[in-house]
Amino acid sequence: WTLAGAEVETVESITQVGVTRYITETTDKSIDDRIKCASHCAYALMGSGLHGSNGLGAMVCHQILKVYVIPRLLYGLEVLHLTSKQLDTLTKFHLKLLKQIQGLPQRTANASVYLLLGAIPIEGQIHQRQLTLLGAILRSKNTTLKDIAIRQTAIMSPKNNSWFLDVNHTLSKYDLPSTADLLNTIPPKEQWKKICTDRITAFWYDVLAAEASTKKTLQFLVPPTEGETHRCWQTVDHNAKDVQRATIKARLLTGT
């Protein structure tokens, strides 16, 4: 193609609202881009104490991750159809960060890494963003968006690659009303976010606690209250010596 005598360059990708989209259907490159962006952000925060046992306490570091790093890792992914392999790649990166800020070795049981910080896996966080976006679409005054939602909900089949089909599976997983039911009565924004957060947190807490109970190395780990940080990290003062003491406690609790 030419435009005003100049050849129009053929590209394989284009950046739109901060997300690089590729011509091919696969989103592997999008996942790599998100991980690279989150890695750069995490390294940039090392100067403020985000670096394991000789930095800030894990509870504070986890809060920093949630505010600055995780949004960059997950930006735009709630609208994509992610495969189990791609979710696994994101989960491994997230777990690596959580183990690093707690000073835990890579062999540590995954369930204990989440339970000590009161964190939920990256899959649950993506689902949270999906459901928040669904609520925004169903409450929107944009009739085109609502018409698309109604049409997709009416005609989607199990073989369809529709985003609304993915969301329906997510709603079913957390025992929430289907998209068709929500089209009639969608709760207000804050109420819907709270319902989704509570259901997702409770679901993953049960999964992680059940997994931890099967691990012999975690016999000394008593899971904290749902969604809360373990006392091992709650009682840490912001000095290197106290953080190192807490790291030793965490290693004893996780059998490492």
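For clarity, every value in this text was computed on a predicted model and none was experimentally measured.
L133 is connected to L90 through a chain of hydrophobic side-chain contacts under 4.5 Å among Ile, Leu, Val, Met, Phe, Trp and Tyr, so both are in one cluster. Y43 and L97 are not part of a single hydrophobic cluster, where members link through side-chain heavy atoms under 4.5 Å apart. By the criterion of side-chain heavy atoms lying less than 4.5 angstrom apart, applied directly or through intervening Ile, Leu, Val, Met, Phe, Trp or Tyr residues, M46 is not grouped with V243; the two fall into different hydrophobic clusters. One hydrophobic cluster, built from ILVMFWY side chains closer than 4.5 Å, holds both L182 and V79. W1 and V11 fall into different hydrophobic clusters, where Ile, Leu, Val, Met, Phe, Trp and Tyr are joined by side-chain heavy atoms under 4.5 Å apart, directly or via other members.
Counting only distance, with no hydrogens or angles, the side chain of K99 and the backbone of L104 share no donor-acceptor pair below 3.5 Å. Of the possible donor and acceptor atoms, one in the side chain of R107 sits under 3.5 Å from a partner among the backbone N and O of T256. Judged by distance alone, with hydrogens and angles left aside, the side-chain atoms of R72 form no donor-acceptor pair with the main-chain N or O of R34 at under 3.5 Å. With hydrogens and angles disregarded, no donor-acceptor distance shorter than 3.5 Å links the side chain of D237 to the backbone of D242. At least one donor-acceptor pair closer than 3.5 Å links the side chain of Q125 to the backbone N or O of I120. No donor-acceptor distance shorter than 3.5 angstrom exists from the side chain of S172 to the backbone of N168, with no hydrogens or angles considered. Although no hydrogens or angles enter the test, the distance criterion places no donor-acceptor pair under 3.5 Å between the side chain of R231 and the main chain of P224.
Between the CD1 atom of I155 and the CD1 atom of I150 there is a distance of 12.5 Å, given to the nearest 0.5 Å. Summarising the geometry, atom OG1 belonging to T89 is positioned 11.5 Å from atom CZ belonging to F93; distances are rounded to the nearest 0.5 Å. Rounded to the nearest 0.5 angstrom, T179 OG1 and L138 CG are separated by 7.0 Å. Atom NZ of K215 sits about 12.5 Å away from atom OG1 of T254, to the nearest 0.5 Å. Put simply, CZ on F220 and NZ on K249 are 16.0 Å apart, with the number rounded to the nearest 0.5 Å. Once rounded to the nearest 0.5 Å, the distance linking CD of Q130 with CG of L82 reads 8.0 Å.
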(Q) Assess the residue pair L116 and L221 against the criterion (side chain to side chain contact (heavy atoms under 4.5 Å, CB included)); give the C-alpha distance rounded to whole Å, side-chain angles, the decisive distance to 0.1 Å, and a yes or no. (A) CA-CA 9 Å; L116 282 172; L221 177 63; 3.9 Å; yes
Q: Please lay out, stage by stage, how K173 and E123 fare under the test side chain to side chain contact (heavy atoms under 4.5 Å, CB included).
A: CA-CA 12 Å; K173 183 171 187 171; E123 183 181 353; 3.0 Å; yes
Q) Could you walk me through whether K29 and D32 pass the salt bridge (Lys or Arg N to Asp or Glu O under 4.0 Å) check? A) CA-CA 5 Å; K29 290 180 181 177; D32 292 341; over 6 Å; no
Q | Derivation and outcome, side chain to side chain contact (heavy atoms under 4.5 Å, CB included), residues L77 and I31 | A | CA-CA 8 Å; L77 295 186; I31 301 298; 4.0 Å; yes
(Q) Would W192 and T132 count as a side chain to side chain contact (heavy atoms under 4.5 Å, CB included) here? Give the steps. (A) CA-CA 8 Å; W192 175 242; T132 301; 5.7 Å; no
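The residue from L134, V167, L171, T170 that alone fulfils the side chain to side chain contact (heavy atoms under 4.5 Å, CB included) condition with L176 is L171.
Shortest non-hydrogen contact noted between I137 and A149 is CG2-CB, 4.4 Å. Taking every heavy atom of both residues into account, G57 and V236 meet most closely at CA-CG1, 4.4 Å. Across every non-hydrogen atom of L117 and M59, the tightest pair is CD2-N, 4.3 Å. Closest approach of H62 and A119 over heavy atoms only: NE2-CB, 3.6 Å. Nearest heavy atoms, C232 versus L253: CB-CD1, 4.0 Å. The minimum heavy-atom distance linking Q86 with H81 is given by the pair OE1-O, 4.0 Å.
The closest side-chain heavy-atom distance from Q234 to E228 is below 4.5 Å. Within the 4.5 Å cutoff, no side-chain heavy atoms of T108 are placed close to those of T217. The side-chain heavy atoms of L65 and L50, taken from C-beta on, include a pair separated by under 4.5 Å. Residues Y205 and L115 have side chains in contact (heavy-atom distance under 4.5 Å, counting atoms from C-beta outward). Contact of the L73 side chain with the I35 side chain is registered, since non-hydrogen atoms from C-beta on lie closer than 4.5 Å. Within the 4.5 Å cutoff, the side chain of I101 has no heavy atoms near those of the I64 side chain. Looking at heavy atoms from C-beta onward, I70 lies in side-chain contact with H94 at the 4.5 angstrom threshold. Taking 4.5 Å as the limit, every side-chain heavy atom of W163 sits out of range of all side-chain heavy atoms of Q152.
In this structure, Y68 places its OH atom where only 12 or fewer heavy-atom neighbours from other residues, nucleotides or ligands lie under 6.0 Å away. Summarising the local packing, CG of L3 is surrounded by 12 or fewer heavy atoms from other residues, nucleotides or ligands at distances under 6.0 Å.
S178 and D181 are linked by a side-chain donor-acceptor pair at a separation below 3.5 angstrom, with hydrogens and angles left out of the test. Side-chain contact check for W233 and Q102: at least one donor-acceptor pair (N or O, by modelled atom type) lies under 3.5 Å.
Ion pairing of D88 with K92 is present here, as a side-chain N (NZ or NE/NH1/NH2) and a carboxylate O approach within less than 4.0 Å. Using a cut-off of 4.0 Å between Lys/Arg side-chain N and Asp/Glu carboxylate O, K194 and D198 are scored as salt-bridged.
Using cut-offs of 30° and 60° on the angle between ring planes, the pair Y174 and F203 is perpendicular.
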